[in-house]
**Student:** 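Please find one structure pasted underneath; my questions will follow.
Here the structure is a predicted model, which means the values were calculated and not measured. The sequence lines fix the lettering, A, B, ..., with proteins before strands; numbering per chain opens at 1.
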There are 2 protein chains.
Amino acid sequence: MTTASGGEDALTALTSLVRDDLEACNRLIVERMQSPVALIPQLAAHIVAAGGKRLRPLLTLAAARLCGYRGQRHVALAACVEFIHTATLLHDDVVDESALRRGQASANALFGNKPSVLVGDFLFSRAFEVMVQDGSLRVLAILSAASATISEGEVLQLVTQNDTTTTEAQYLQVIEGKTAALFAAATRIGAVVADRPEAEEEALDAYGRNLGIAFQLVDDALDYAAEQERLGKTVGDDFREGKITLPILLAFERGTEAERTFWRRTLEERDQRPEDLAEAQRLIEVHDALRDTVARARHYGDAALAALGGFPEGPERQALADIVEFCIARAR
Amino acid sequence: MTTASGGEDALTALTSLVRDDLEACNRLIVERMQSPVALIPQLAAHIVAAGGKRLRPLLTLAAARLCGYRGQRHVALAACVEFIHTATLLHDDVVDESALRRGQASANALFGNKPSVLVGDFLFSRAFEVMVQDGSLRVLAILSAASATISEGEVLQLVTQNDTTTTEAQYLQVIEGKTAALFAAATRIGAVVADRPEAEEEALDAYGRNLGIAFQLVDDALDYAAEQERLGKTVGDDFREGKITLPILLAFERGTEAERTFWRRTLEERDQRPEDLAEAQRLIEVHDALRDTVARARHYGDAALAALGGFPEGPERQALADIVEFCIARAR
């Protein structure tokens with residue numbers, strides 16, 4: 001299967017392909033985040049309506065069309081996927097005290113911890129209400145299980161934070177939970193609404209899961225990328241928080257004893273000096289840790305592409321294939 | 001309808017009446033809060049298995065039996081109700097930085113904010129997984145709507161915090177959301193599993209909702225009760241946080257201009273001195289605000305009792321009637 005050259009182009013192409021569905025989904029998102037308690041839509045608008053790229057709902061919309069679905073149920077379910085994603089972002093903001101999200105001041109920084117937790121809860125509950133109205137127990141099973149898995153991944157991330165004895169297997173478990181589980185559910189439910197056989201559900205699950213892992217691996221690489229710094233984007237958030245990601249794991253594994261002492265001081269003992277991020281980036285570069293993280297992402301990206309093999313050729317399959325390249329090309 | 005004299009006796013009687021169901025429910029709670037991520041059951045055990053009185057699941061169990069239900073589905077659904085309740089406690093701990101919960105150090109104080117948010121999310125997701133396994137879209141609709149309403153109530157509580165212009169109507173909306181919605185759902189689903197007509201669902205909803213309002217009114221009175229202080233229990237949490245509850249609303253409404261200045265300084269400007277709680281208690285006493293809060297609770301309790309009128313007499317109806325007295329008698 002070939003992929004288009006473009007990165008951003010692929011996202012644009014996917015967005016164009018399902019434009020009407022996406023617009024309906026966006027309308028539904030705004031409609032269903034309303035509440036008589038005004039702070040809820042105010043805060044939710046800040047994050048859910050702030051015009052993220054809507055990657056996850058796009059995946060649901062395209063997966064349903066790939067499966068030949070001709071109805072409109074996928075629109076509401078794509079909105080549910082985005083609500084669940086938004087709820088995790090809001091709760092993640094609380095958790096990580098991150099100052100920036102999607103280039104804007106985070107909801108948490110603007111509104112405080114309390115509303116972020118509670119509005120996240122509201123969006124999460126609302127997602128389940130919308131799913132119940134759709135009426136598919138199968139969809140409810142997939143998205144409730146994914147939600148539980150997301151929390152498990154997030155908790156495991158906390159447990160491994162600041163711990164340089166974390167294994168690659170544990171790291172993979174974290175990103176499979178916190179990121180890939182929702183990608184897998186988002187694409188799988190495309191097959192469910194189209195009433196396709198279990199094998200197609202599984203294939204779309206595999207596509208979404210591998211894509212999600214690739215996406216997160218690249219995200220974790222970008223957090224140390226010098227190119228990002230040149231573009232004026234924030235780097236070093238993970239380092240400051242002591243998150244154990246693959247670039248760190250590879251550099252640590254390949255490092256000298258002196259280098260490991262550096263990682264232990266900065267990540268485990270949380271004793272960081274202003275010059276330490278640059279040193280971390282240098283060590284990651286010396287040991288080719290970013291290159292190899294992206295290579296790993298490409299490996300999962302290939303698995304995602306392979307999972308599309310059984311579906312009919314056409315614009316949907318091409319767009320979903322190209323989005324794999326989009327996720328990986330961000331690292332260039 | 002008569003009620004037994006006892007307070008605690010009523011809880012004991014209700015617990016005895018559904019003992020086998022409750023034990024099955026407790027086993028299921030422990031079983032379904034497990035996760036390969038060890039911190040999740042560790043933290044969850046601290047709060048969910050800490051032996052709260054299990055009032056909400058008891059209501060589900062007894063309501064189902066009151067409706068003549070003879071199966072076992074209500075056991076899993078009672079566990080869902082407790083999971084949702086526990087998730088809100090965990091998120092409320094984060095929110096209010098409360099130091100004590102059920103007489104133990106709160107999960108938040110012991111484990112930190114981050115795990116409390118995420119384990120709350122896990123329990124919430126798990127509750128929906130268990131409901132999906134039960135397979136009733138009606139139950140899912142009731143509990144997802146209740147969950148959204150809980151968040152709305154909690155957000156409204158934040159919005160009205162430290163605001164002495166809060167109205168009684170807003171206060172009622174807060175407690176209907178944060179407390180009564182889950183009581184109503186807990187009892188309503190008893191009628192659903194028993195496949196009873198809509199009118200019985202409505203009656204059990206009215207019972208639970210009015211009971212929940214009464215319960216919260218009494219809770220809000222207890223936070224200023226001198227008797228509680230003599231028993232060594234914490235009072236004044238609401239005052240310190242600037243929560244606008246009925247005792248405050250009544251005392252403010254009935255107060256002199258000098259007294260209102262006191263309330264505005266302590267609650268709105270958050271300028272509190274060590275002697276201010278005693279002064280708040282004195283003003284509440286002077287204006288009979290606790291007495292009238294409990295009288296209001298009794299009014300809602302009577303409505304709860306009335307809602308039971310159409311159900312067959314017998315031990316279940318008696319136990320549910322007596323629990324109204326239990327909720328109110330705590331204020332003595």
**Student:** Measure the acute angle between the ring planes of B/F183 and B/F215, then classify it against the limits of 30° and 60° as parallel, tilted or perpendicular.
**Tutor:**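 B/F183 and B/F215: tilted rings.
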
**Student:** With no hydrogens and no angle check, do the side chains of B/T179 and B/Q216 hold a donor and an acceptor under 3.5 Å apart?
**Tutor:** yes

**Student:** Would you say the side chains of B/Y171 and B/D220 form a donor-acceptor pair under 3.5 Å?
**Tutor:**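 Yes - a donor-acceptor pair under 3.5 Å links their side chains.
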
**Student:** For A/V159, is it the side chain, the backbone, both or neither that has a heavy atom under 4.5 Å from a heavy atom of chain B?
**Tutor:**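 Looking at A/V159, just its side chain touches chain B.
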
**Student:** Looking only at heavy atoms and a cut-off of under 4.5 Å, which of A/L137, A/V119, A/L123, A/L39 has the most pairs with chain B?
**Tutor:**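 Most heavy-atom pairs within the cutoff with chain B belong to A/L137.
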
**Student:** State, with a plain yes or no, whether a side-chain heavy atom of B/K243 is found less than 4.5 Å away from one of B/D237.
**Tutor:**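 No, side chains not in contact.
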
**Student:** Below 4.5 Å, heavy-atom pairs only: which of A/V155, A/L140, A/L156 has the largest tally toward chain B?
**Tutor:** A/V155

**Student:** Which residue out of A/I150, A/T149, A/V132 racks up the most heavy-atom pairs below 4.5 Å with chain B?
**Tutor:** A/V132

**Student:** Checking heavy atoms, do the side chain of B/V37, its backbone, both or neither come under 4.5 Å from chain A?
**Tutor:** side chain

**Student:** Is the A/F124 ring parallel, tilted or perpendicular to the B/F124 ring (thresholds 30°, 60°)?
**Tutor:**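 Taking B/F124 first and then A/F124, their aromatic rings sit tilted (interplane angle of 30° to 60°).
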
